[in-house]
Each structure stands twice: as C-alpha cells, then as structure tokens.
Amino acid sequence: PRLMFSESDIQWRVVNNYYDWGKRTNHREFDLVFVNPGWEKWHNDTKNFPLACLCFPKLIDELGLKIMIMGREPPDYLRGKIKWIKGMVNFDVLLDYFRRSKVLFVPAISDASPRIIPQALSMDTAIVVNRKIVGGWKYVNQYTGALFTDENDVVDVFDEVLRKWEWGDLRPRESYRDEASYQAQR
C-alpha cells in the first residue's frame with residue numbers, strides 16, 4: 001500500500017458540511033453514549049457489546065453515569081437504568097446525540113476505521129476507547145479523552161475523563177480540528 005487513508009480521516013469535513021450548528025443544543029444530557037446499530041454477530045463482535053455490558057453496571061453503580069445506547073436493545077438487567085433508542089437513526093440524530101453527550105464510549109477491538117470517533121470529536125464530545133482497538137486509537141490524546149483496557153479500569157478512566165471535562169481540560173473538537181485530514185483543495 002502507498003497510502004494509509006481511512007474514511008474516518010475525512011469526517012471533520014463530512015460533519016461540518018452536514019450539521020446545522022445554529023439549531024442544536026449545547027446541553028450535555030448524557031455522560032456516555034454508546035453506538036451499536038445491530039443485533040447480528042458481526043455487530044456484537046465489532047462493537048464489543050459484551051464488554052460494554054460488563055462496563056455499564058460499574059459505571060452506573062460507581063459513578064452514577066447517565067448512559068444512552070443507540071441501536072442495540074440493552075440486556076434486561078440494564079433496563080430502567082439507561083436510555084436507549086432501538087435501531088438505526090438518521091445521521092443528524094446521531095450527531096445530535098453526540099452533541100448531547102459528554103463522552104463516546106468505544107469498547108470495540110475489531111473496528112479498523114471507526115467513523116463515529118471523529119464524528120463525536122467534531123461534535124466536541126470526548127472519547128473513551130479500548131486500548132486494543134485496531135484503528136481509532138490515533139484520535140485519542142490528552143485533549144480528546146483516554147484509552148481503557150477492560151471492565152477493571154473503565155471506572156477510573158471515566159472518572160478521570162469526566163473530571164477533565166468539568167475542569168475544562170478537554171478540547172475534543174479543537175484538538176481534532178487541528179489534526180483533521182482534509183480532502184485535496186485548490
């Protein structure tokens with residue numbers, strides 16, 4: 001290969017050309033948003049829903065997080081503890097939920113080019129990403145969020161990221177904008 005270029009690398013332009021900033025809220029209703037658009041084994045494996053389901057109870061019980069799951073119906077033991085939207089949503093709805101959330105949670109390992117990470121960063125939403133992810137780790141830095149390993153460190157990582165959020169030490173949109181790849185321009 002001559003060029004390592006992922007579709008995720010052009011999401012700054014995609015989001016900014018699409019999103020109507022003037023008509024949206026800046027209120028952060030949720031602490032965490034998780035996206036898993038389907039029920040097939042592929043979705044389960046790629047988005048690592050089993051690990052997410054191990055982390056959610058700890059994040060709720062120990063940190064009191066308000067969680068939104070988009071796409072996948074939560075297991076019975078999480079019903080009533082989190083909010084969820086079943087099925088796929090339109091792109092503008094997805095972006096709006098990123099904007100209404102402080103952190104995008106990405107427990108995925110096998111996602112080589114997770115577009116939702118730069119889409120969330122474009123919406124000024126921080127990220128907590130699985131340390132073992134194939135692609136997407138390049139978007140994590142001190143201003144965008146943090147990496148976690150599994151359900152044993154997720155509470156500490158989220159606690160640190162949310163503390164940095166409250167202190168104003170995170171600048172996900174600004175940091176991503178400065179590093180975003182643009183399409184060729186004349």
Side-chain angles (χ1 to χ4, degrees), residues 1-38 40 42-43 46-49 52 66-72 83-130 133-147 161-162 164-166 168-186:
R2 295 183 180 192
L3 176 68
M4 183 177 155
F5 183 77
S6 307
E7 185 179 357
S8 61
D9 289 337
I10 62 168
Q11 293 307 302
W12 173 262
R13 188 174 181 137
V14 170
V15 169
N16 285 288
N17 285 340
Y18 187 86
Y19 193 73
D20 183 358
W21 290 92
K23 297 181 180 179
R24 306 297 184 182
T25 181
N26 203 19
H27 173 68
R28 303 295 175 150
E29 181 181 348
F30 302 101
D31 299 304
L32 177 159
V33 62
F34 170 72
V35 180
N36 187 9
E40 292 84 19
W42 177 87
H43 287 111
T46 303
K47 301 300 181 187
N48 206 352
F49 191 61
K66 294 178 189 169
I67 297 175
M68 163 59 80
I69 295 178
M70 301 184 71
R72 174 81 189 251
K83 185 171 179 177
W84 61 281
I85 297 175
K86 187 175 181 179
M88 298 288 286
V89 296
N90 293 333
F91 190 52
D92 62 330
V93 173
L94 175 72
L95 295 178
D96 201 43
Y97 271 99
F98 286 160
R99 188 75 176 152
R100 294 167 55 192
S101 303
K102 294 177 184 174
V103 179
L104 170 67
F105 182 49
V106 185
I109 293 175
S110 347
D111 202 342
S113 180
R115 290 173 292 176
I116 62 169
I117 293 176
Q119 289 166 357
L121 294 173
S122 296
M123 302 307 294
D124 208 24
T125 300
I127 53 177
V128 171
V129 178
N130 192 323
I133 195 166
V134 173
W137 47 265
K138 67 183 181 179
Y139 299 110
V140 182
N141 64 44
Q142 64 182 342
Y143 303 112
T144 61
L147 297 167
V161 169
L162 291 173
K164 289 171 79 174
W165 177 270
E166 296 301 323
D169 292 341
L170 291 177
R171 297 185 297 279
R173 181 174 166 79
E174 181 182 329
S175 179
Y176 175 58
R177 179 196 63 218
D178 293 344
E179 300 297 326
S181 298
Y182 289 91
Q183 294 174 350
Q185 299 181 17
R186 295 183 180 174

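Worth saying up front: this structure is predicted, and the values here are computed from it rather than measured.
Applying the salt bridge (charged side-chain N to carboxylate O under 4.0 Å, His left out) criterion to K102, with sequence neighbours excluded, gives D31, E166. By the side-chain contact (heavy atoms from CB on, under 4.5 Å) test, V134 is found to be paired with A112, residues two or more places apart in sequence or in another chain being considered. Qualifying side-chain contact (heavy atoms from CB on, under 4.5 Å) partners for N17, counting only residues two or more places apart in sequence or in other chains: R13. Residues satisfying the side chain to side chain donor-acceptor pair (under 3.5 Å) test with R171, not counting sequence neighbours, are none. Q142 is linked by a side chain to side chain donor-acceptor pair (under 3.5 Å) to nothing, counting only residues two or more places apart in sequence or in another chain. For P107, the side-chain contact (heavy atoms from CB on, under 4.5 Å) partners two or more places apart in sequence, or in a different chain, are F34, N48, L51, A52, F105, F148. With sequence neighbours excluded, no residue forms a ring-ring contact (aromatic ring centres under 6.0 Å, His included) with F98. Among residues two or more places apart in sequence or in another chain, the side chain to side chain donor-acceptor pair (under 3.5 Å) test is passed with S122 by none.
We find the OG1-CG distance between T144 and L170 to be 8.0 Å, quoted to the nearest 0.5 Å. The CH2 atom of W84 sits 10.5 Å away from atom CE of M68, with the distance rounded to the nearest 0.5 Å. From M123, atom CE reaches atom CG of L104 across 12.5 Å, with rounding to the nearest 0.5 Å. Separation of atoms CZ (R177) and CG (D124) is listed at 10.0 Å; rounding is to 0.5 Å. The line from CZ of R72 to NZ of K86 is 10.5 Å long, rounded to the nearest 0.5 Å. Distance check: D178 CG to R173 CZ gives 11.0 Å after rounding to the nearest 0.5 Å.
Within the 4.5 Å cutoff, side-chain heavy atoms of Y139 are placed close to those of L121.
Side chain of S175 to main chain of P172: no donor-acceptor pair is present (N/O by atom type, distance under 3.5 Å, no hydrogens or angles). Side chain of R100 to backbone of R28: no donor-acceptor contact under 3.5 angstrom is found. Looking at N141, its side chain does come within 3.5 Å of a backbone N or O of Y143 through a donor-acceptor pair.
Closest approach of V161 to G145, counting heavy atoms only: CG2-C, 4.1 Å. Contact detail for Y176 and P118: the closest heavy-atom pair is OH-CB, 3.2 Å.
Evaluated for a side chain to side chain contact (heavy atoms under 4.5 Å, CB included) with Q119, the options V35, L95, T125 yield exactly one hit, L95. Of the options I117, V129, I133, a side chain to side chain contact (heavy atoms under 4.5 Å, CB included) to V140 is made by V129 and by none of the others.
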Quick one: do K83 and Y97 satisfy side chain to side chain contact (heavy atoms under 4.5 Å, CB included)? Show the steps, please.
CA-CA 12 Å; K83 185 171 179 177; Y97 271 99; 4.1 Å; yes
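In K164, the NZ atom is crowded: over 12 heavy atoms of neighbouring residues, nucleotides or ligands sit closer than 6.0 Å.
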